[in-house]
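For the single chain, residues carry numbers from 1 onward in sequence order. These figures come from a predicted structure and were not determined experimentally.
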Amino acid sequence: MGLNFRKSISLGKGLKLNLSKSGPSVSFGKSGFRQSVNLKGQARTTVGIPGTGIYYTKTSNVKNIVGGLTGKDKDTSAKGKKAAGKAAGEKAEKAPKTTKAAAAAPAKNAVNEELIAESKAKIEEFAAGIEALKSVHKQSDGYIDWEAVANGAVSGQMKELQPFAQSVLAGDIDSYFQVISEVGPFDDLLEYGSGFEVGTDDPKILEIEFQVKSDKIIPTEYPDMKASGELVMKEFSKSAYYELVQDYVSSTMLRIARDTFAILPVQTVIIHAVDKVLNPATGNDEEVTICSAKIKRDALATLNFERIDPSDCLESFESNVKFRKTSGYAPVDRVLA
């Protein structure tokens, strides 16, 4: 569903974010598969789970650990040769087994400990990525004081905005879009994979369409660890999945409002979240508005973003939303300016 504005700018379809050791994030893409065997005889299989950004690794030992006695007792006595040979044979049978067990135990424990440590790290990384999806609203772009910019009372990169200052303060809509293009307020949000389209014909109001793309962003499975340390993927329950979608949508809408108020002197932001949901009438997934909210600058400024629940907070504004834990979002009408 497109926007019908006199002025509009598309900010693209978004990028992808990879889970990495440097910090929490969410990756989405095709599944991967890699298998290798090192010189120590360890086989490592790495499998990527589509839609989660999580890759789990299973390590196993493909070489048999062998050991045994290489010396044999010699019996030169003819009388005791048979008995000595039997005793030596029994000793030879028992000794290698004991030695193999003793040698294999530390190696097996080492492999299990390594696998458990790797699995725990993957689970923690996944949890950090999920927390990032639910905490988008906790960060925001720095505030631009356009009066200070216009008066030259700024330094560094802020000076680059001086050519736009007077026009922005005069409410020139074209300047608004130039600033959005220059500052890129939603660039880090694009990395999650969602898209944004911005438009307005009123210098006091900015209207933004937020293309959620939940099927690419929200994982349907989560990693769990067996007692052996092996990592397995389990499917989220419907309610857990839909609640995660709701948290991401609500958190991102609040972040959009924060970033907009930080860079432009508008007083109201209207945000429409668009996603594909099931239309019971047709049986098809259709792109519709799933949440629409009108957020005022003064009201947003009173919030403690570290403590709020994004979903509950969004409902405190003028908004249209229909959400059920067992079925997710349903289509709604857009809030009007």
Task: Thr302 versus Asp298, closest heavy-atom pair with distance - done: CG2-O, 3.4 Å
Open item on the list: Between Val266 and Ile180, is there shared hydrophobic-cluster membership here, with clusters defined by ILVMFWY side-chain heavy atoms closer than 4.5 Å?
Closed with: yes
TODO: Would you give the length of the straight line joining atom CG of Asp202 to atom CD of Gln267, rounded to the nearest 0.5 angstrom?
DONE: 10.5 Å
TODO: Output the distance between atom SG (Cys313) and atom CG (Leu300), rounded to the nearest 0.5 Å.
DONE: 7.0 Å
Task: Contact list for residues 292-322, test ring-ring contact (aromatic ring centres under 6.0 Å, His included), sequence neighbours left out - done: none
Which pairs would a plain distance check flag for residues 149-169, meaning a side-chain donor or acceptor within less than 3.5 Å of a matching protein atom at least two apart in sequence or in another chain?
unit_1	atom_1	unit_2	atom_2	d
Asn151	ND2	Glu147	O	3.1
Gln162	NE2	Val149	O	3.4

Open item on the list: Is there a side-chain contact between Lys134 and Leu244 in this structure, where contact means two heavy atoms from C-beta onward sitting under 4.5 Å apart?
Closed with: yes
Open item on the list: Once ring-ring contact (aromatic ring centres under 6.0 Å, His included) is applied, do any residues pair with Phe210, and if so which ones, sequence neighbours excluded?
Closed with: Phe196
- [ ] Identify the two heavy atoms, one from Tyr241 and one from Ser214, that lie closest to each other, and give their separation to 0.1 Å.
- [x] OH-O, 4.0 Å
TODO: Could you check if a side-chain atom of Val277 sits within less than 4.5 angstrom of a side-chain atom of Glu286, using non-hydrogen atoms only?
DONE: no
TODO: Before giving the answer on ring pair (Phe, Tyr, Trp, His ring centres under 6.0 Å), spell out for Tyr222 and Phe126 the whole-Å C-alpha distance, their side-chain angles and the decisive distance to 0.1 Å.
DONE: CA-CA 8 Å; Tyr222 65 94; Phe126 182 90; 7.3 Å; no
Open item on the list: Take a 6.0 Å sphere around CG of Asp333 and say whether it holds more than 12 heavy atoms from other residues, nucleotides or ligands.
Closed with: no
Task: Any side-chain heavy-atom pair of Val321 and Glu315 under 4.5 Å - done: yes
Open item on the list: Grouping I, L, V, M, F, W and Y whenever their side-chain heavy atoms are under 4.5 Å apart, do Ile290 and Leu133 come out in a common cluster?
Closed with: yes
Task: Gap between atom CG of Leu264 and atom OG1 of Thr200 - 0.5 Å precision - done: 10.0 Å
TODO: State whether the side chain of Ser135 and the backbone N or O of Lys138 hold a donor-acceptor pair below 3.5 Å, judged by distance alone.
DONE: no
Task: Atom pair CG/CD1 of Leu206 and Ile295 - distance to nearest 0.5 Å - done: 12.0 Å
Task: Over all atoms of both residues, closest heavy-atom pair of Asp309 and Asp312 - done: OD1-N, 3.0 Å
Task: Side-chain heavy atoms of Leu231 within contact of Ile123, under 4.5 Å - done: yes
Task: Heavy-atom side-chain proximity of Ile173 to Phe177 below 4.5 angstrom - done: yes
Task: Qualifying residue for side-chain hydrogen bond (donor to acceptor under 3.5 Å, both in side chains) with His272, from Glu197, Glu207, Glu209 - done: Glu207
Open item on the list: So, taking the atom named CD in Gln211 and the one named NZ in Lys216, what distance separates them when rounded to the nearest 0.5 Å?
Closed with: 10.5 Å
Task: Residue pairs, two or more places apart or on separate chains, that pass salt bridge (Lys or Arg N to Asp or Glu O under 4.0 Å) and touch residues 237-250 - done: Glu243-Lys325
Task: Residue pairs passing the ring-ring contact (aromatic ring centres under 6.0 Å, His included) test where at least one lies in residues 318-337, sequence neighbours excluded - done: Phe323-Tyr329
Open item on the list: Could you report the tightest heavy-atom contact between Pro219 and Phe236, atom names first, then the distance?
Closed with: O-CD1, 3.4 Å
Open item on the list: Within the 4.5 Å heavy-atom criterion, are Met225 and Glu230 side-chain neighbours or not?
Closed with: no
Open item on the list: Could you report the tightest heavy-atom contact between Cys291 and Leu314, atom names first, then the distance?
Closed with: SG-CD2, 3.7 Å
Open item on the list: Could you check whether any side-chain heavy atom of Tyr176 comes within less than 4.5 Å of a side-chain heavy atom of Ser181, counting everything from C-beta outward?
Closed with: no
Open item on the list: Tell me the closest heavy-atom pair linking Val274 and Glu287, and the distance in Å.
Closed with: CG1-CG, 3.2 Å
Open item on the list: Just so I know, are the side chains of Glu118 and Glu114 near enough to count as touching, which here means a heavy-atom distance under 4.5 Å?
Closed with: yes
Side-chain polar contacts of residues 249-263 - donor-acceptor pairs under 3.5 angstrom, sequence neighbours left out - could you list them?
unit_1	atom_1	unit_2	atom_2	d
Ser250	OG	Gln246	O	2.9
Ser250	OG	Ser311	OG	3.4
Ser251	OG	Val136	N	2.9
Ser251	OG	His137	N	2.9
Ser251	OG	His137	ND1	2.7
Thr252	OG1	Tyr248	O	2.8
Arg255	NE	Gln139	O	3.0
Arg255	NE	Asp259	OD1	3.3
Arg255	NE	Asp259	OD2	3.0
Arg255	NH1	Val136	O	3.1
Arg255	NH2	Asp188	OD1	3.4
Arg255	NH2	Asp188	OD2	2.4
Arg258	NH1	His137	O	2.6
Asp259	OD1	Ser140	OG	3.0
Asp259	OD1	Asp141	N	2.9
Thr260	OG1	Ile256	O	2.7

Task: Exercise: do Ser292 and Arg334 side chains pair donor with acceptor under 3.5 Å - done: no
